[in-house]
*Asks:* 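One structure is given below, represented as structure tokens, and several questions about it will come after.
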Amino acid sequence: MQSMVFFYLETTGLDIKRCDIIQLAAISGNRTFNMYMMPQVAIERGATALTGFRVQNGKLFQNGRAMDTAILHEALASFLDFLWSLEQPVLLAAHNARRFDIPVLDRALFRCSLNEEFQQLGSRFLDTLPLSRALHPGLGSHSLPSLSNHFLGRCYNAHDALEDVTALQELYIWWDPDPLDESIFSF
DNA sequence: TGCCAGGCCCTCTTTAGGGCCTT
């Protein structure tokens with residue numbers, strides 16, 4: 001029996017070759033993971049506007065509240081510990097995972113020389129964005145807030161990684177996709 | 001000063017362009 005893990009990143013921007021991870025959150029059943037990291041590159045203005053993250057005097061703030069941060073290596077090592085603590089194998093799911101979350105996470109793992117340890121997990125990935133488009137082709141928008149609003153009937157605090165993964169897990173449970181559909185969008 | 005990515009998908013397409021999705 002595999003563990004389904006929904007994960008999300010808040011980053012300094014959209015350029016996957018340059019951005020740093022600020023927040024990494026994951027949820028599997030009722031087990032959650034959530035850590036904040038001090039970015040090494042400037043947070044783009046647009047990212048601050050959306051996420052509320054700002055660095056001031058060497059400290060990370062979210063919407064004016066000082067956050068406890070770890071260095072990137074510590075946070076990623078803790079994330080790997082979290083994944084190892086789950087029933088194996090692990091299926092890691094994120095919204096637009098293939099184009100955004102996975103390349104950003106890959107690059108961060110490589111920078112911290114943790115990529116080989118991550119590969120030992122043998123995790124597979126699932127991108128819920130193309131899955132959503134395949135399951136619900138008539139929908140105008142497949143952004144996570146739109147999907148949450150449409151299927152769960154509520155808005156939530158988008159652009160906080162823990163809120164995002166919680167919504168994504170609820171959405172996935174609601175969808176209850178056919179295992180075949182799930183496998184088509186896994187890699 | 002002002003702006004800053006990128007790859008997939010769709011269509012009024014394929015000798016292209018624009019919208020979507022992520023921060």
Side-chain angles (χ1 to χ4, degrees), chain A residues 5-27 33-56 59-65 67 69-70 72 75-76 79 91-111 123-152 155-172 174-175 177 181-187:
Chain A
V5 182
F6 299 89
F7 77 106
Y8 235 90
L9 308 176
E10 301 298 344
T11 69
T12 55
L14 292 175
D15 186 345
I16 59 173
K17 294 187 178 72
R18 296 165 52 98
C19 69
D20 273 1
I21 301 171
I22 300 174
Q23 184 186 12
L24 167 58
I27 187 167
F33 176 91
N34 186 29
M35 288 189 80
Y36 300 88
M37 284 140 273
M38 180 63 70
Q40 300 303 302
V41 300
I43 302 174
E44 288 178 11
R45 207 174 300 171
T48 292
L50 278 178
T51 65
F53 285 115
R54 184 188 304 276
V55 172
Q56 221 162 10
K59 195 139 180 66
L60 179 70
F61 292 82
Q62 186 179 29
N63 299 319
R65 191 160 66 96
M67 310 302 291
T69 56
L72 180 63
L76 292 178
F79 182 53
L91 179 63
L92 279 162
H95 207 59
N96 205 17
R98 187 186 281 275
R99 304 281 160 248
F100 189 76
D101 298 79
I102 292 172
V104 173
L105 181 63
D106 267 347
R107 190 166 55 84
L109 287 166
F110 189 80
R111 272 169 62 191
S123 303
R124 301 190 73 225
F125 292 101
L126 171 67
D127 192 334
T128 55
L129 175 59
L131 176 65
S132 175
R133 286 175 171 148
L135 291 176
H136 311 289
L139 281 181
S141 170
H142 294 267
S143 70
L144 189 54
S146 292
L147 293 171
S148 175
N149 190 45
H150 181 84
F151 289 102
L152 307 176
C155 299
Y156 71 100
N157 182 21
H159 304 299
D160 176 275
L162 190 56
E163 297 279 342
D164 284 330
V165 283
T166 302
L168 186 58
Q169 180 174 251
E170 287 180 25
L171 201 56
Y172 197 82
W174 175 263
W175 285 348
D181 287 325
E182 184 183 288
S183 66
I184 289 171
F185 296 100
S186 302
F187 46 95

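All values below were derived from every heavy atom in this structure, side-chain atoms included, with hydrogens, water molecules and symmetry-related copies excluded. Just so we're on the same page: letters track the sequence lines, and every chain starts at 1. What you see is a predicted model; the values in this text were computed from it and never measured.
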*Asks:* Can you check the distance between B/dC8 and B/dC3, where both ends of the measurement are the C1' atom (answer in whole Å)?
*Replies:* 24 Å

*Asks:* For the C1' atoms, the ones on B/dC9 and on B/dT14, what distance do you get once it is rounded to whole angstrom?
*Replies:* 14 Å

*Asks:* Taking CD1 from A/Ile102 and C1' from B/dT23, how many angstroms apart are they, rounded to a whole number?
*Replies:*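 So the CD1-C1' distance, A/Ile102 to B/dT23, works out to 16 Å.
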
*Asks:* Find the distance A/Leu9:CG to B/dC21:C1' and express it as a whole number of Å.
*Replies:*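 The distance from CG of A/Leu9 to C1' of B/dC21 comes to 14 Å, rounded to the nearest Å.
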
*Asks:* B/dC4 and B/dG19: how far apart are their P atoms, nearest whole angstrom?
*Replies:*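 Approximately 15 Å lies between the P atom of B/dC4 and that of B/dG19.
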
*Asks:* Between A/Leu24 and A/Leu76, is there a side-chain heavy-atom distance shorter than 4.5 Å?
*Replies:* yes

*Asks:* From the options A/Met37, A/Met38, A/Gln40, select the one residue that forms a side chain to side chain contact (heavy atoms under 4.5 Å, CB included) with A/Asp20.
*Replies:* A/Gln40

*Asks:* How is A/Ile22 classified with respect to the nucleic acid when contacts are heavy atoms under 4.0 Å: base, sugar-phosphate, or nothing?
*Replies:*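 Nothing, no nucleic acid heavy atom in range.
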
*Asks:* Under 4.0 Å between a side-chain N/O of A/Ser141 and OP1 or OP2 of B/dC21, yes or no?
*Replies:* yes

*Asks:* Expressed as a whole number of Å, how far does the C1' atom of B/dG18 sit from that of B/dT13?
*Replies:*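 Roughly 12 Å separates the two C1' atoms.
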
*Asks:* Let's see if you can work this out: which of B/dT22, B/dT23, B/dC21 has an atom nearest to the side-chain heavy atoms of A/Leu129?
*Replies:*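 The nucleotide sitting nearest to the side chain is B/dC21.
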
*Asks:* What pair of heavy atoms forms the shortest contact from A/Gln62 to A/Asp160, and how long is it?
*Replies:*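 Closest pair (atom of A/Gln62, atom of A/Asp160, distance): NE2-OD2, 3.3 Å.
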
*Asks:* With rounding to whole Å, what would you report as the distance between B/dC21 and B/dG2 at their C1' atoms?
*Replies:*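 Approximately 25 Å lies between the C1' atom of B/dC21 and that of B/dG2.
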
*Asks:* Do A/Leu131 and A/Tyr172 come within less than 4.5 Å of each other through their side chains, counting heavy atoms only?
*Replies:* yes

*Asks:* Pick base, sugar-phosphate or nothing for A/Thr12, based on heavy-atom distances below 4.0 Å to the nucleic acid.
*Replies:*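 Nothing, no nucleic acid heavy atom in range.
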
*Asks:* Distance between the C1' atoms of B/dG17 and B/dC12, in whole angstroms?
*Replies:*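 One C1' to the other, the span is 11 Å.
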
*Asks:* Could you tell me the separation between the CD1 atom of A/Ile21 and the P atom of B/dT22, rounded to a whole number of Å?
*Replies:* 17 Å

*Asks:* Which parts of nucleotides 4-10 of chain B does protein reach within less than 4.0 Å, heavy atoms only, written one letter per nucleotide 5' to 3' as B for base, S for sugar-phosphate only and - for none?
*Replies:* -BSSS--

*Asks:* Would you call the rings of A/Phe79 and A/Phe7 parallel, tilted or perpendicular, taking 30° and 60° as the class edges?
*Replies:* tilted

*Asks:* Is it the case that over 12 heavy atoms from other parts of the model lie below 6.0 angstrom from the CZ atom of A/Phe187?
*Replies:*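 Atom CZ in A/Phe187 is packed in, count exceeds 12.
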
*Asks:* Quick one: CG on A/Leu162 to OH on A/Tyr36, what's the gap to the nearest 0.5 Å?
*Replies:*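 Here the rounded value is 7.0 Å.
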
*Asks:* When the distance from CD of A/Gln23 to P of B/dT23 is rounded to whole Å, what number comes out?
*Replies:*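 My rounded result for the distance is 11 Å.
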
